[in-house]
Amino acid sequence: MAQRSVSIEDIARAAGVSHSTVSRALRNSPLISPDVRTRIQHLAGEMGYTPNALAQSLQTHRSHTLGLVVTSIADPFIADVVRGVEEIARPAGFSVFLSAAYNDPAQEVEVIETFHRRRVDGILVASGRISSNYEAHLSRVKVPTVLLNNEARGDGRRLHWVRVDDDLGAQLATDHLLHLGHRAIGYLGVANRPRSNDQRLAGYRAALAAARVAAPDAWVAMPDAVGDDTQDGPAADLAAGQRLLSQLLAAGVTAVFCFNDMVAVGALLACRARGMVVPRDLSIVGYDDIEVARYVTPPLTTVAQPRLRLGTLATQVLLDLLAERPVQNHVLPPALAIRESTAPPCSAAIPARPIGD
């Protein structure tokens, strides 16, 4: 038989005081003398009293919970983001509900609706696919919402964002390869995260254009459409890197910038299967700087995103919204982590055609 929870009435009877006195003492009300507060709080601890969160939320109109929507719990990028969220939420007295939507817009909407029904105080959305319809839905949900690593097109009062500068990160990666002497540089992208993919592709093209290197369409390889891969998340990214690298090799590239580290790991595996040595035969750059990037062979040159900072700052923005403090959106700078997967091209490499020739 389940043991009944200790109630405020039980503590009041044991202490010989009224229900309201116990309630005020447990809330540290100045209307109760320090000695009585201490005695009642000590007694409550001895009796094993646990505050009723539901009852408190009815009184304060706050649940002290936050909802966090992620693309996939298997995504290695997410782990540090979640840690950053909890580093800020827990000391502030907030619990975090985590739910994955697996790049499915319908599931994302369903998760948001579930969080809304559970009366979460605020929502954090770490998703790579936010359509205009989905964004409009988020704006209609009357819960303060912060996007992580994304940007709202609209200017809804409750929809704010903290993101990393993907355009700059792609330029850092491409400039690194250009400075090594590469001119035939390919881009290996994805289809199911269009905003971040478009920004990284734009940064790659901008760096090549600034170096006066013409980039033919054959230097860009991406799945034909969302859903090309039967798997989802990191497994799909790895498979895309393995499958699509051959297109770039056929185009004669000497280096490849990949959408993320898992795509880059797939490209590394494809090189190994072909008997190619990285970086002697091909230089590869990833994006994210997930933990595995340091331990693959060779260790991966990559664009490091401030994942922990992304989580902490987005959560602080959300708590500021809840406290009705002024907030602003943030763009965080990435950094290049140079390791052993990049080197100058072999002398036998075929130079690219400069713009204007």
Side-chain angles (χ1 to χ4, degrees), residues 166-226 228-229 236-274 276-288 298 300-303 334 336 338 341-357:
D166 278 331
D167 190 297
L168 174 60
Q171 291 187 53
L172 291 174
T174 310
D175 282 342
H176 169 64
L177 294 170
L178 288 166
H179 291 155
L180 288 174
H182 293 277
R183 289 299 178 268
I185 302 170
Y187 176 74
L188 215 169
V190 299
N192 59 5
R193 277 144 292 179
R195 283 199 185 182
S196 52
N197 183 80
D198 289 349
Q199 288 168 351
R200 294 174 197 181
L201 179 57
Y204 153 82
R205 285 176 167 154
L208 291 181
R212 298 187 58 79
V213 174
D217 291 342
W219 286 3
V220 175
M222 287 190 290
D224 291 335
V226 176
D228 247 17
D229 293 299
D237 290 343
L238 188 146
Q242 287 180 292
R243 189 181 72 253
L244 297 176
L245 180 67
S246 59
Q247 296 180 26
L248 299 180
L249 296 177
V253 302
T254 62
V256 177
F257 166 48
C258 300
F259 171 80
N260 66 15
D261 290 341
M262 291 308 297
V263 172
V265 170
L268 286 173
L269 293 175
C271 287
R272 183 178 301 174
R274 288 170 168 264
M276 297 174 63
V277 177
V278 176
R280 186 195 68 190
D281 301 324
L282 184 75
S283 286
I284 297 177
V285 180
Y287 201 109
D288 286 345
L300 188 64
T301 295
T302 184
V303 178
L336 188 66
I338 300 175
S341 67
T342 51
C346 292
S347 58
I350 301 173
R353 176 176 57 86
I355 292 176
D357 282 11

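FYI, side chains are in, hydrogens and waters are out, and symmetry mates aren't considered; it's all heavy atoms of this structure.
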Problem set entry | From CA spacing to verdict: side chain to side chain contact (heavy atoms under 4.5 Å, CB included), M222, V190 | CA-CA 5 Å; M222 287 190 290; V190 299; over 6 Å; no

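- Between A173 and V303, the shortest heavy-atom distance links the atoms CB-CG2, 3.8 Å.
- Defined by atom type and a distance below 3.5 Å, a donor-acceptor pair is present between the side-chain atoms of H176 and T342.
- Of all non-hydrogen atoms in T174 and I185, the two that sit nearest each other are O-CD1, 4.1 Å.
- Ionic pairing of R193 and D166 is not present here: no N-O contact between side-chain nitrogen and carboxylate oxygen is shorter than 4.0 angstrom.
- Evaluation of the side chain to side chain donor-acceptor pair (under 3.5 Å) rule for S341 yields no partner, not counting sequence neighbours.
- In terms of the side chain to side chain contact (heavy atoms under 4.5 Å, CB included) criterion, residue partners of A221 (sequence neighbours excluded) are, by chain and number, L244, Q247, L248.
- With sequence neighbours left out, Y204 forms a side chain to side chain donor-acceptor pair (under 3.5 Å) with no residue at all.
- Here the CG atom belonging to L188 is positioned 9.5 Å from the CZ atom belonging to R243, to the nearest 0.5 angstrom.
- Taking the side chain to side chain donor-acceptor pair (under 3.5 Å) definition, one finds that N197 meets it with Y187, sequence neighbours left out.
- Residue R274 holds its CZ atom at 5.0 Å from CG of L249, rounded to the nearest 0.5 Å.
- H179 places a side-chain N or O within donor-acceptor distance of the main-chain N or O of D175, the cut-off being under 3.5 Å.
- Atom CH2 of residue W219 and atom CZ of residue R205 lie 12.0 Å apart, to the nearest 0.5 angstrom.
- Cation-pi geometry between R200 and F259 is met: the NZ or CZ atom falls under 6.0 Å from the ring centre, inside 45° of the normal.
- Taking OG1 of T301 as the start and CG of L180 as the end, the distance is 8.5 Å to the nearest 0.5 Å.
- In this structure A202 satisfies the side chain to side chain contact (heavy atoms under 4.5 Å, CB included) test together with D167, sequence neighbours excluded.
- P334 is listed as a side-chain neighbour of L168, based on a closest heavy-atom distance under 4.5 Å.
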Side-chain atoms of residues 261-272: list all donor-acceptor pairs with protein atoms under 3.5 Å, sequence neighbours left out, distances to 0.1 Å.
{"unit_1": "D261", "atom_1": "OD1", "unit_2": "Y287", "atom_2": "N", "d": "2.8"}
{"unit_1": "D261", "atom_1": "OD1", "unit_2": "T302", "atom_2": "OG1", "d": "2.6"}
{"unit_1": "D261", "atom_1": "OD2", "unit_2": "D289", "atom_2": "N", "d": "2.6"}
{"unit_1": "D261", "atom_1": "OD2", "unit_2": "I290", "atom_2": "N", "d": "2.9"}

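- For S283 against H182, the heavy-atom pair with the smallest separation is OG-NE2, 3.3 Å.
- Closest approach of I284 and L300 over heavy atoms only: O-CD1, 3.8 Å.
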